[in-house]
Amino acid sequence: MLSTARSRAIWQLSRRAQVSATRAYAFSANDKQEINNPNPPKDVPNVSKSNELPIETPHRDARIQESMEDAEKLRVQQAPNRPGIWSRSQNPRAQAMTGPRFEQTIMEFQPAPQAAISLIHKQPVRWTHERVVECDGGGGPLGHPRIFINTDKPQICMCTYCGLPFANEHHRKHLESLPETAYPLVAQGDAAEIPESQRITDEALGQR
């Protein structure tokens with residue numbers, strides 16, 4: 001009876017050791033590598049040198065080609081206006097665009113939308129004399145629930161839905177004296193700015 005119990009305990013201990021050893025090499029979906037791997041895979045360029053040769057295509061008049069340096073730069077850049085990720089849940093582009101599918105791909109022609117988190121900071125401050133302003137994103141199907149924003153503090157107050165910046169005229173001199181601000185205080189003529197002509201509601205500050 002004692003030998004049976006002892007053998008069972010030994011079996012359980014060995015089983016636990018195997019499970020813990022398996023967990024030590026757990027797979028991480030974020031970096032596509034095994035944790036604590038004694039032989040990690042080598043990093044190899046994912047772009048093909050054959051892309052430097054001119055290639056004819058029926059969809060374009062001119063031949064297409066791309067250098068390896070330019071292709072690698074575009075492959076690892078998260079967005080044209082932001083080099084890295086801006087959320088922990090994002091999969092880095094450098095890890096997503098790997099494998100045989102992208103080896104002979106012209107990276108310049110791949111979808112690369114602008115990062116909205118950077119575009120919104122191109123919007124100039126909406127100045128107001130009111131202590132409380134309201135924002136609905138411009139209304140309509142692309143708007144958001146109407147919220148009220150307090151502009152009492154000497155700072156730029158942004159909408160928590162769409163990110164449009166607001167500030168009180170009483171604090172203009174203070175904000176202009178700062179070395180830098182998260183939003184431009186006046187229009188800079190940037191292509192990403194939302195002009196007043198795109199207003200689709202009658203509210204004083206209700207614009208897209």
Peer 1: V125, L178: one ILVMFWY side-chain cluster at the under-4.5 Å cut-off?
Peer 2: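 Yes: a chain of side-chain contacts under 4.5 Å links V125 to L178.
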Peer 1: Treating Q65 as the side-chain partner and I106 as the backbone partner, does any N or O pair qualify as donor plus acceptor under 3.5 Å?
Peer 2: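 Checked: no pair found.
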Peer 1: Say you draw a straight line from CE of M158 to CD1 of I149; how long is it, rounded to the nearest 0.5 Å?
Peer 2: 9.5 Å
Peer 1: Would the distance check show the side chain of W127 and the main-chain N or O of V186 forming a donor-acceptor pair, the cut-off being under 3.5 Å?
Peer 2: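 Such a contact is absent between W127 side chain and V186 backbone.
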Peer 1: Calculate, to the nearest 0.5 Å, the distance between atoms NZ and CD belonging to K122 and Q188 respectively.
Peer 2: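 With rounding to 0.5 Å, NZ (K122) is 9.0 Å from CD (Q188).
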Peer 1: Evaluate whether atom CD of E176 has more than 12 neighbouring non-hydrogen atoms of other residues, nucleotides or ligands under 6.0 angstrom away.
Peer 2: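 Enclosed: over 12 neighbouring heavy atoms sit under 6.0 Å from CD of E176.
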Peer 1: Start with the C-alpha distance between E72 and R75, add both sets of side-chain angles, then the distance that settles salt bridge (charged side-chain N to carboxylate O under 4.0 Å, His left out), and finish with yes or no.
Peer 2: CA-CA 5 Å; E72 184 64 17; R75 187 183 71 86; 2.8 Å; yes
Peer 1: Quick one: do I64 and L53 end up in the same hydrophobic cluster if we chain Ile, Leu, Val, Met, Phe, Trp and Tyr together by side-chain heavy atoms under 4.5 Å apart?
Peer 2: no
Peer 1: With a 3.5 Å distance limit and no angle check, can you tell me whether T128 reaches the backbone of N168 through a side-chain donor-acceptor pair?
Peer 2: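 Absent.
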Peer 1: If hydrophobic clusters are built by linking Ile, Leu, Val, Met, Phe, Trp and Tyr wherever their side-chain heavy atoms come under 4.5 Å apart, do L175 and Y183 end up in the same one?
Peer 2: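 Shared cluster, yes.
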Peer 1: With a 3.5 Å distance limit and no angle check, can you tell me whether N81 reaches the backbone of A115 through a side-chain donor-acceptor pair?
Peer 2: yes
Peer 1: Which value, rounded to the nearest 0.5 Å, describes the distance between M107 atom CE and D70 atom CG?
Peer 2: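 Spacing of CE (M107) from CG (D70) equals 12.0 Å.
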Peer 1: Could you measure the distance from the CG atom of N91 to the CD atom of Q78? Nearest 0.5 Å is fine.
Peer 2: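 Those atoms lie 8.0 Å apart.
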Peer 1: Can you give me the closest heavy-atom contact between E52 and M68, atom names plus distance?
Peer 2: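 Closest approach of E52 to M68: OE2-N, 3.2 Å.
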Peer 1: Out of curiosity, does V133 fall in the hydrophobic cluster containing I147 (side-chain heavy atoms, cut-off under 4.5 Å, transitive links)?
Peer 2: yes
Peer 1: To the nearest 0.5 Å, what is the distance between NZ (K153) and NE2 (H174)?
Peer 2: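 Answer rounded to 0.5 Å: 12.5 Å.
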Peer 1: Do the rings of H144 and Y161 sit parallel, tilted or perpendicular, given the 30° and 60° boundaries?
Peer 2: parallel
Peer 1: Applying the 4.5 Å side-chain criterion to the ILVMFWY set and letting contacts propagate, would L119 and L164 be lumped into a single cluster?
Peer 2: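 Different hydrophobic clusters.
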Peer 1: Identify whether the distance between the nearest side-chain nitrogen and carboxylate oxygen of E169 and R172 falls below 4.0 Å.
Peer 2: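 Salt bridge flag = yes for R172 with E169.
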Peer 1: If every non-hydrogen atom of G163 is compared with every non-hydrogen atom of I120, which pair is closest and at what distance?
Peer 2: O-CG1, 3.5 Å
Peer 1: Identify the heavy atoms of C135 and C159 that sit nearest to each other, and give their distance.
Peer 2: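 The pair with the smallest heavy-atom distance is SG-SG, 3.9 Å.
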Peer 1: Does a side-chain heavy-atom distance below 4.5 Å link H59 with F109?
Peer 2: no
Peer 1: For E134 and R146, indicate whether the former's side chain and the latter's backbone hold a donor-acceptor pair under 3.5 Å.
Peer 2: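 No; judged by distance alone, with no hydrogens or angles, the pair does not exist.
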Peer 1: State whether the side chain of N51 and the backbone N or O of T105 hold a donor-acceptor pair below 3.5 Å, judged by distance alone.
Peer 2: yes
Peer 1: Is it the case that atom CD in E130 sees more than 12 heavy atoms from other parts of the structure closer than 6.0 Å?
Peer 2: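 Counting other residues, nucleotides and ligands, CD of E130 stays at 12 neighbours or fewer.
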Peer 1: List the atom of M97, the atom of Q110, and the distance in Å for their closest heavy-atom pair.
Peer 2: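 For M97 versus Q110, the nearest heavy atoms are CE-CG, 4.1 Å.
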Peer 1: Checking E193 side chain against P124 main chain: does a donor-acceptor pair fall under 3.5 Å?
Peer 2: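 A pair under 3.5 Å: no.
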Peer 1: Do the side chain of Q90 and the main chain of W86 share a donor and acceptor less than 3.5 angstrom apart?
Peer 2: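 Here the side-chain-to-backbone pair exists.
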Peer 1: Does the H171 side chain pair with the main chain of D152, one donor and one acceptor, at a distance under 3.5 Å?
Peer 2: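 Pair found, side chain donor or acceptor close to backbone of D152.
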Peer 1: Identify the two heavy atoms, one from Q123 and one from P184, that lie closest to each other, and give their separation to 0.1 Å.
Peer 2: O-CD, 3.5 Å
